[in-house]
Amino acid sequence: MTDLSELLSTEDLEHVRPRSHPSWVQPTLATLTHDHFSDPAWLYERKLDGERCLAFRDGDSVRFLTRNRKDVSDTYPELVDALAAQDVADVVLDGEVVAFEGRQTSFARLQGRLQLSDPKRARASGIEVFYYVFDLLHRDGYDLTGLGLRTRKNVLRHTLRFTDPLRFSVHRVEHGEAMYREACRKGWEGAIAKRGDGSYHHGRSTDWLKFKCVRDQELVIGGYTEPQGSRHGLGALLVGYHDHGGLRYACKVGTGFTAKVLAQLHDELSRISTDASPFTDAQDVPRRGVHWVRPRTVAQIGFTEWTEAGRLRHPRYQGLRRDKDARDVVREQT
DNA sequence: TTCCGACAGTGGGGTCGCAAT
DNA sequence: ATTGCGACCCCACTATCGGAA
């Protein structure tokens, strides 16, 4: 591990402030865009489909927190161990916890671990996880969020020993469009573009942009229909998003489920049923044969495009997002 | 034995036209 | 006049089965 003083120029030091180890830092959230570009002032990284986590190490204490501040240290004990074994005793990292299905990162596979909170069961799950670290927010009593991204990454590289399950998230400079094409060709989720000289922003930022290959959207489940024919459990989910203080209906989703998932969803949703529709745009929401549920469950829905009418075209169910809070679900920019 | 492709079945949004209300 | 419904187009996806490798 290289000393901070060796890694930072006198100019850099002007952007660094002493700070005691923070218990929480609001992570940067990237903004979705379809305007893909190449720019030497930007860095481009692979977009990983996993669980965003900040890692805090303060001496013997190591914690992994999701972006909703949920402590998942017991879910990823081997990551805790790996960080505890590093030389640096005071550090805050930003990265993504991922699992693989073959050579692809797979959120679906990671889901098998997300709800495990017993470290023994988590270790025994057979689902190997990795922590792809892409940012460094704090080290050795200093707040580094005021530094430019390039500098933070350089310091990060010289702060940790990157051996599995800790991995440095590689980036490339300037060639954003090529990066995006490569990402889609390889079946990745997309690419993230980051302004190279940008300081660490708290919350949604346009200094970080998402170039997505597949389009998906997190939506709140507000109801479900009866199954038809030979199907069991439920027919389709009615999903929506928050807009102007209400829950706006987005579409029905009736495909992408296995028989097992249909049964699980029906079991889970029937427990939170309610008499009234949670959707606030009363007209245009199907009502016939619909069972309403309290709007607290978040599902990830793949689709091809938003229609003129504000519906999703070709929607398909991709899984629950138990790591997301229903209250935060809004429509992403098209 | 495993793998792959075709097919049936269930479901979506949008549009159209017809029948019931 | 409005509403409901089925048929049709596009499409996504799972489950199954039989034949190829």
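Numbers restart at 1 for each chain; the letters A, B, ... are given by sequence-line order, proteins then strands. The shown structure was predicted, so the numbers you read here are calculated from the model rather than taken from an experiment.
Using a 4.0 Å cut-off between charged nitrogen and carboxylate oxygen, A:Lys47 and A:Glu96 do not count as a salt-bridge pair. Salt-bridge annotation for A:Asp81 and A:Arg123: present, with a side-chain N of the basic residue lying under 4.0 Å from a carboxylate O of the acidic one. Salt bridge present: A:Asp267 and A:Arg271 bring a charged side-chain N and a carboxylate O closer than 4.0 Å. Looking at A:Arg52 and A:Asp94, a side-chain N of the basic residue comes within less than 4.0 Å of a carboxylate O on the acidic one, giving a salt bridge. The existence of a salt bridge linking A:Arg172 and A:Glu182 is confirmed by a sub-4.0 Å separation between a basic side-chain nitrogen and an acidic carboxylate oxygen. Comment: A:Glu45 engages A:Lys194 in a salt bridge, judged by a side-chain N to carboxylate O separation of less than 4.0 angstrom.
As judged by a 4.0 angstrom heavy-atom cut-off over every strand, A:Tyr249 is placed among residues touching the sugar-phosphate backbone only.
Put simply, chain A comes within 4.0 Å of DNA chain B, heavy atom to any atom, from B:dG9 to B:dG14, going 5' to 3'.
A distance below 6.0 Å separates the ring centres of A:Phe37 and A:Trp42.
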Would you give me the side-chain donor-acceptor pairs under 3.5 Å for residues 158-166 of chain A, sequence neighbours excluded?
unit_1, atom_1, unit_2, atom_2, d
A:His158, ND1, A:Asn154, O, 2.9
A:Thr159, OG1, A:Arg139, NH1, 2.7
A:Thr159, OG1, A:Val155, O, 2.6
A:Arg161, NH2, A:Ala85, O, 3.0
A:Asp164, OD1, A:Arg167, NE, 2.7
A:Asp164, OD1, A:Arg167, NH2, 3.4
A:Asp164, OD2, A:Arg167, NH2, 3.0

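Searching all strands for a Watson-Crick or G-U wobble partner of B:dA6 with both distances below 3.5 Å returns C:dT16.
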(message) How would you summarise protein contacts on nucleotides 2-18 of chain C per nucleotide, using B for base, S for sugar-phosphate only and - for none, with heavy-atom distances below 4.0 Å?
(response) ---S-----SBBSS---
